[in-house]
Number of protein chains: 2
Amino acid sequence: MSTKTIRNMEEFAAAIGLSRPTVSKFFNDPESVKTSTRERIEAALKAHDYRPNIYAMNQNRKLTKNVGIVVPYLADPFFAEIARNIEQRCIDAGYRPTLYSSHGDPALEGEILDGLRSLKPAGVLLAPLGRASDRAAVEKFCTDVPTVLFDSSLPGVGAPFVGSDNPQFTNLIVEYLCRTAEPPSFFEMATPANPNAKKRRQAYVEAMEVRGFEPHVVSVPGSGWAFEEIGHEGGLAALDARRFATDTVLCSNDRLAIGFLAACYERGLRVGRDEGAAIRVAGQDDHPFSRFTCPPLTTVAQDYASVSRHAVQTLMDLVEGGEAPAETTLFEGKLIMRASA
Amino acid sequence: MSTKTIRNMEEFAAAIGLSRPTVSKFFNDPESVKTSTRERIEAALKAHDYRPNIYAMNQNRKLTKNVGIVVPYLADPFFAEIARNIEQRCIDAGYRPTLYSSHGDPALEGEILDGLRSLKPAGVLLAPLGRASDRAAVEKFCTDVPTVLFDSSLPGVGAPFVGSDNPQFTNLIVEYLCRTAEPPSFFEMATPANPNAKKRRQAYVEAMEVRGFEPHVVSVPGSGWAFEEIGHEGGLAALDARRFATDTVLCSNDRLAIGFLAACYERGLRVGRDEGAAIRVAGQDDHPFSRFTCPPLTTVAQDYASVSRHAVQTLMDLVEGGEAPAETTLFEGKLIMRASA
DNA sequence: GAAAAAAATTATCGCGCGTAAAAAATTTAT
DNA sequence: ATAAATTTTTTACGCGCGATAATTTTTTTC
């Protein structure tokens, strides 16, 4: 407790008996001052609850410690989880992350990137909307601001990308499904926002052909991010029209599968891999809720930890090291066997 | 298109043939300059893509246009949805919202509030962790920064609160359940983070007693935010121990209900209100995923729109009008009848 | 103990803008 | 047309800190 309030760094330094530049140096890098000095400052910090004015700090600095994290749709717990993971890693690395969601809206994505520019961030971790993104705008942003793309790549944009190995995901689960019973049909939305969906469909077709099975792709109408609803409505229609060639359905992603499970339930189809079951259903992603569907969903788990860790590491290299190759890093998924297939 | 790059407001003003203070006035309130002047500036704005440096702007200003939005757990789509709603309303009101999640961690909540201070926000919309929150810290924050609490109130903290009328929620669904079949047992976690849970249990007990039924509360161990898991594990144990007095279970919230549904499925109990069903299950909140459970969950819908609208309105009044009474506003829920009960 | 190295100080600038007061230009009223 | 009221512009200063260079002080090394 001190008698007078500290208004700025000058007063704070004076209260300790140090010069302002020394204290300034400390805030930029505590290791850059002598140990005894550092301890004096840290002690005073607790006594006076002073903090540097962040606006004054960043105004005259070439690079701030701000990091932007942009995800396409935060109401999807998958993105919430990975954002949380990334956020924490940024904090641990001494940066100040700010989270944004495009809410599935390309215009909003553009506005977020625009707003981010004026924050002069050290770097940005961007999971773009995908197909719907304004490619030119994103590309320009990536050349202006050190950016690492994650989850969804953007062809032609020269920024490092960290994501999942979609073909491996699909191969893994197709192999499992073919091995254990009838080969799967593939259930997807016709116009997915995310480019990963396309890769998964292609991988499905190849995986089936390699094994000598004929691929059956069931595309249902729908775009946007209301995957459960699309899976539900489309699932009902597809079931009623008997569009599935076998008793096994592989969904393009878990949220679609959750909607499809609801459709199966509604039609009285028992889902599972045991004797009395009418249909097997599998997903891809290992969504946080997939453990609690009825029945629990068999799926392929995204490697959240690796993706977020590597994305942040790549950004740090890019920020601190200057140039970096715009390379792609993909992580493999793990088969999660549950009751649905 | 201009030949030289605009570096600051001085150059920008010069390019139009105006003085910097006039342009500065425009940015603070476009209506405060003559119409013809405003049009000249807006035209130049498009030609030169200049934007004021936000750090220089905020440094010497008593009040910024920043608004903080803090939710306890962003991986819960309920909070993601309401945050999105609030965020958009703040933008529409001309403010610059930033979203934070406490991730269920009291320490992190404290750090977020601390970091928020140095942003000198015009106001903050805070959904506190609840029971786990550092009450003293939150209270002090509320006296320093104009704050509106939402979702979860904090007894003793003198800030306006906007939330849901929990007793009304519970009464509504208890009335429905009692009217249509056997009166419900109440399924909850023993040590909920959120104070709403307690109010719901109390309301359940009263609602039962009023109708001449004996209340049965089934509390299962668990704390934190992994509600589905707690509902699942606790549900299995409670079912096996035959702790439910009737064939109807009212869950404290939808996420708990989702976990409980999974437990029912695992034990082969058919959930629903039709003939062959073994048990009825209902929730509270109308979680975004509740439409797609198996069977779809009967619940009470939160009035997202009203809560977010009124919370933002209250904050704006508080920010622009100065003082405001620390009053409480509650919104009623709507019964959502689906197949589960 | 002196020389070398490291750390802290002094001094001074600049960042880009907010803001207040005074001066000038414009609009409105008489 | 002239005076009064309003709007706009000019002038001047300050915000809190980063950054740098030139000294001075302290610490380390031999």
Side-chain angles (χ1 to χ4, degrees), chain A residues 4-45 48-66 94 96 115 117-122, chain B residues 4-45 48-66 94 96 115 117-122:
Chain A
K4 66 171 184 178
T5 321
I6 307 289
R7 301 214 146 275
N8 53 38
M9 198 181 280
E10 192 77 54
E11 292 184 15
F12 180 65
I16 322 178
L18 288 172
S19 69
R20 184 176 66 77
T22 301
V23 177
S24 171
K25 242 187 132 198
F26 165 85
F27 277 113
N28 283 314
D29 178 13
E31 304 293 322
S32 67
V33 300
K34 196 168 43 166
T35 311
S36 62
T37 309
R38 177 167 61 242
E39 282 162 356
R40 281 167 66 194
I41 297 178
E42 280 165 351
L45 219 42
H48 295 83
D49 91 325
Y50 158 80
R51 2 192 110 208
N53 180 307
I54 121 174
Y55 298 109
M57 270 182 54
N58 288 326
Q59 168 188 26
N60 197 22
R61 171 139 74 184
K62 45 181 149 286
L63 216 57
T64 70
K65 282 287 189 179
N66 297 328
R96 220 175 174 294
R117 279 174 197 278
S118 50
L119 275 186
K120 300 184 194 301
Chain B
K4 67 169 182 179
T5 322
I6 306 289
R7 300 214 147 275
N8 53 37
M9 199 182 279
E10 192 78 54
E11 293 184 15
F12 180 65
I16 322 178
L18 289 172
S19 70
R20 184 178 65 73
T22 302
V23 176
S24 171
K25 241 186 135 201
F26 165 85
F27 278 112
N28 282 315
D29 178 13
E31 303 293 322
S32 69
V33 300
K34 195 167 44 168
T35 311
S36 62
T37 309
R38 177 168 61 243
E39 282 163 356
R40 281 168 64 193
I41 297 178
E42 280 166 350
L45 218 42
H48 296 84
D49 92 324
Y50 158 80
R51 1 190 111 211
N53 180 307
I54 107 172
Y55 298 109
M57 268 181 56
N58 288 326
Q59 169 188 26
N60 198 22
R61 171 140 73 184
K62 44 181 149 285
L63 214 58
T64 69
K65 282 287 189 179
N66 297 328
R96 221 174 172 295
R117 278 173 197 278
S118 52
L119 275 185
K120 299 183 198 298

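In the text below, chain A, chain B and the rest are named by the order of the sequence lines, each starting its count at 1.
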Taking the side chain of Asn53(A) as heavy atoms from C-beta outward, which of dG16(D), dT19(C), dG18(D) is closest to it? dG16(D)
Taking only the side-chain heavy atoms of Pro21(B) (C-beta and beyond), determine which of dG18(D), dG16(C), dT10(D) contains the nearest atom. dT10(D)
Checking contacts here: which listed nucleotide (dA8(C), dG18(D), dT8(D)) is nearest the side-chain heavy atoms of Thr37(B)? dT8(D)
When you get a sec, tell me which of dC17(C), dA19(D), dG16(D) is the closest nucleotide to the side chain of Tyr50(B)? dC17(C)
With respect to the side chain of Asn8(A), which nucleotide from dT9(D), dG14(D), dC17(D) is positioned closest? dC17(D)
By the 4.0 Å heavy-atom rule, please label Asn28(B) as base, sugar-phosphate, or nothing. sugar-phosphate
Could you please name the option among dG16(D), dG18(C), dG18(D) that lies closest to any side-chain atom of Arg20(A)? dG18(D)
Atom-pair distance (CD1 on Ile41(A); C1' on dT9(C)), nearest Å: 14 Å
How long is the straight-line distance from OG1 of Thr22(B) back to CZ of Arg20(B), given to the nearest 0.5 Å? 10.0 Å
Quick check for you: to the nearest 0.5 Å, what is the distance between Ile6(B) atom CD1 and Ile16(B) atom CD1? 8.0 Å
How long is the line joining CG of Asn60(A) and C1' of dC17(C), in whole Å? 13 Å
Counting the atoms with a prime plus P, OP1 and OP2 as sugar-phosphate, which does Ser32(B) contact under 4.0 Å by heavy atoms, base, sugar-phosphate, or nothing? sugar-phosphate
Could you work out which one of dG18(D), dG14(D), dT26(D) sits closest to the side chain of Ser24(A)? dG18(D)
Rounded distance in Å - CZ (Arg61(A)) to P (dC17(D)): 12 Å
Using the six-membered ring wherever Trp is involved, compare the ring planes of Phe27(B) and Phe12(B) and label them parallel, tilted or perpendicular (cut-offs 30° and 60°). tilted
Given atom OH of Tyr55(B) and atom P of dG18(D), what is their separation to the nearest angstrom? 13 Å
Considering every strand and a 4.0 Å limit on heavy-atom distances, what is the contact class for Phe12(A): base, sugar-phosphate, or nothing? nothing
Gly17(A) near the nucleic acid: base, sugar-phosphate alone, or nothing, with a heavy-atom cut-off under 4.0 Å? sugar-phosphate
Tell me which nucleotide among dG16(D), dC17(C), dT10(C) gets nearest to the side chain of Gln59(A). dG16(D)
Return the nearest nucleotide to the side chain of Ser19(A); candidates are dT19(C), dT9(C), dT26(D). dT9(C)
Round to a whole Å and report the spacing from CD1 of Ile54(B) to P of dC15(D). 21 Å
Would you check if the side chain of Asn8(B) reaches a backbone N or O of Glu11(B) as a donor-acceptor pair within less than 3.5 Å? yes
Minimum-distance nucleotide (side-chain atoms of Leu18(A) versus dA8(C), dG18(C), dT9(D)): dA8(C)
Expressed as a whole number of angstroms, how long is the span from Glu10(A):CD to dA11(C):P? 12 Å
Which heavy atom of Ala56(B) sits nearest to which heavy atom of Gln59(A), and what is that distance? CB-NE2, 3.6 Å
Picking from Val33(B), Ile41(B), Leu18(B), what satisfies side-chain contact (heavy atoms from CB on, under 4.5 Å) with Lys25(B)? Val33(B)
Measure CG/Asp29(B) against C1'/dT8(D) and give the value in whole Å, please. 15 Å
Starting at atom NZ of Lys25(A), determine the distance to atom P of dT10(C), rounded to an integer number of angstrom. 16 Å
